[in-house]
Amino acid sequence: MNLPAVSKEHSAEELTALAKQTLVANDRGGYTVPTAGLYPFQWNWDAGVTALGWMTFDQQRAWDEFHSLLRGQWQSGAQEGLIPHIIFHQNADSYFPGPDQWGCEADGSVRNIPTTSICQPPLHATMIRAMLDMGADPAITEKNLKPIVQGLVKHHRWWYRCRDPFDTGLVFSSHPWESGMDNSPAWDAPLANVPRTTRAYTRKDLGHVDSSMRPTQEFYDRVVYLMDFNRSVAFDPIRIAKESPYRVNDICIISILNRASHSLAGLCDQLGLMDAAIFLRARCAMTAAAISQLWSEKLGQYVSRNAITGELLQAPTHAGFLTWYGRLVEPSRDAQQQATLLAWLSETPYALPSTRSSYPGFEPARYWRGPIWQHLTTLIAEGLDRCGHTELGKRLHQSTAALFAKSGFYEYYHPLTGAGLGGGSFSWTAATYLFWNYLHDHQLHLQDLRAA
Ligand code: DGY
């Protein structure tokens with residue numbers, strides 16, 4: 001059920017009520033679907049953001065989001081620790097590719113629940129650190145924290161073991177859906193080397209959202225090929241690392257993983273898991289030592305890299321600005337990247353487009369090729385704030401607040417008009433609103449949160 005769209009400026013009280021109703025309506029019993037119909041399962045990084053929203057009015061429900069996610073974690077085999085990008089808790093026929101497409105059925109050994117075979121940006125530990133500072137009830141925290149942290153430690157070990165098996169300091173992603181930024185123009189070049197599948201399949205997304213806001217058919221043909229490739233190598237992580245036709249050092253994943261490893265190390269300190277804390281900090285140090293390889297002098301920002309050819313992917317996307325959030329910006333490059341961001345901000349009335357508007361590949365309404373994704377803007381704003389660039393952080397925050405008031409809780413927004421796009425009644429958007437509002441009501445500044 002989609003809630004009524006917001007079509008005029010709304011007050012904070014109205015938006016708070018609508019945001020809570022959105023989460024409740026999308027609750028499927030311990031997990032939240034991003035939006036009904038278009039995305040009828042539990043998505044990995046959505047769950048982390050959505051938990052922050054639940055935390056503002058139902059603490060146990062916030063922790064349940066993580067317990068549900070961890071029920072889909074792979075428990076044995078070479079990919080032990082993977083938390084897949086979709087957990088198919090129940091079947092639903094409104095989505096392609098659903099549980100029958102991935103070859104990852106429940107088998108009681110590797111998996112108890114059918115899942116996909118790829119991952120998503122692992123922001124969970126950082127969200128949990130934030131939750132602990134949001135008036136967390138000690139009794140509820142005590143009951144929930146340790147098993148979730150243990151699951152996340154396994155997951156971070158998976159990332160470093162399976163996605164950086166040669167210890168370069170920079171993990172790779174093996175599928176555009178794994179980056180979360182599905183059809184970003186940054187992936188155009190590496191995806192061009194992936195064959196188009198020749199098998200028949202039927203997309204379901206176009207039954208929910210206009211095709212002008214969704215990825216192209218060619219994109220789907222290539223990502224379906226990659227899904228089938230994983231199954232063809234029996235999900236062997238070393239074969240994926242050596243043979244997958246798509247391997248990208250994705251600056252979004254690298255930044256989010258690095259920040260979350262710092263957060264998780266802090267949680268491990270708190271729980272006395274010292275080996276894990278040492279391991280995580282050592283991996284963060286390796287990433288910090290390698291990050292200069294992803295600097296683009298041409299664009300004045302960090303970018304992703306094709307891990308097969310070694311070429312930097314010179315598409316100006318907002319992902320590079322996550323390096324502040326990831327605690328990865330080198331001091332010598334900070335001022336230049338701030339200047340780049342300021343130039344971006346002067347070009348669109350709303351912030352922050354996913355692709356720079358002056359870039360030829362910018363498409364303001366098409367998914368990750370131009371629209372604003374407010375949860376990403378929020379993470380970037382938080383990173384800026386934490387690095388002392390408070391004015392820039394404030395501008396991003398104000399723009400996000402203006403989008404919520406104008407258009408309500410959509411999947412993404414048009415950077416030139418502020419119109420809501422994609423799916424409506426969207427969980428992580430509503431959750432982000434609730435989180436910001438909580439900080440405002442409690443006069444908390446992001447820097448007050450220990451989400452290290
Ligand atoms: C989709 O189906 O568009 C999702 O983003 C994949 O995760």
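As the structure lists them, so they are numbered: ligands from 1, and atoms in each ligand from 1. Only this structure's heavy atoms are used, side chains among them; waters, hydrogens and symmetry mates stay out.
W373 and Y367 have their aromatic ring centers within a separation under 6.0 angstrom. Aromatic pair F426/F409: centroids not less than 6.0 angstrom apart.
Per-residue contacts place W177 under 4.0 angstrom from the following atoms of ligand 1 (heavy atoms of the residue considered): 6 (C). Of all atoms in ligand 1, numbered sequentially from 1 with element shown, those under 4.0 Å from a heavy atom of R214 are 1 (C), 2 (O), 3 (O). Atoms of ligand 1 found under 4.0 Å from any heavy atom of H85, numbered from 1 in the order shown, are 6 (C), 7 (O).
Contact annotation for W368 and ligand 1: no heavy atom of the residue comes within less than 4.0 Å of the ligand.
For atom 2 (O) of ligand 1, the closest non-hydrogen atom on the protein side is Y95 OH, 2.6 Å. When only non-hydrogen protein atoms are considered, atom 4 (C) of ligand 1 lies nearest to D182 OD2, 3.4 Å.
Contact between F96 and ligand 1 is absent, with no heavy atom of the residue lying under 4.0 Å from the ligand.
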**OP:** Assess whether salt bridge (Lys or Arg N to Asp or Glu O under 4.0 Å) is satisfied between D27 and R61, documenting all intermediate values.
**Re:** CA-CA 10 Å; D27 184 10; R61 183 60 191 76; 2.9 Å; yes
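Relative to the six-membered ring of Y220, R203 meets both conditions, a distance below 6.0 Å and an angle of at most 45° to the axis.
Residue E80 forms a side chain to side chain contact (heavy atoms under 4.5 Å, CB included) with just one option from R157, Q75, R161, Q73, and that option is R161. When W102, W45, F41, Y39 are each tested for a ring pair (Phe, Tyr, Trp, His ring centres under 6.0 Å) with H85, only one passes: W102.
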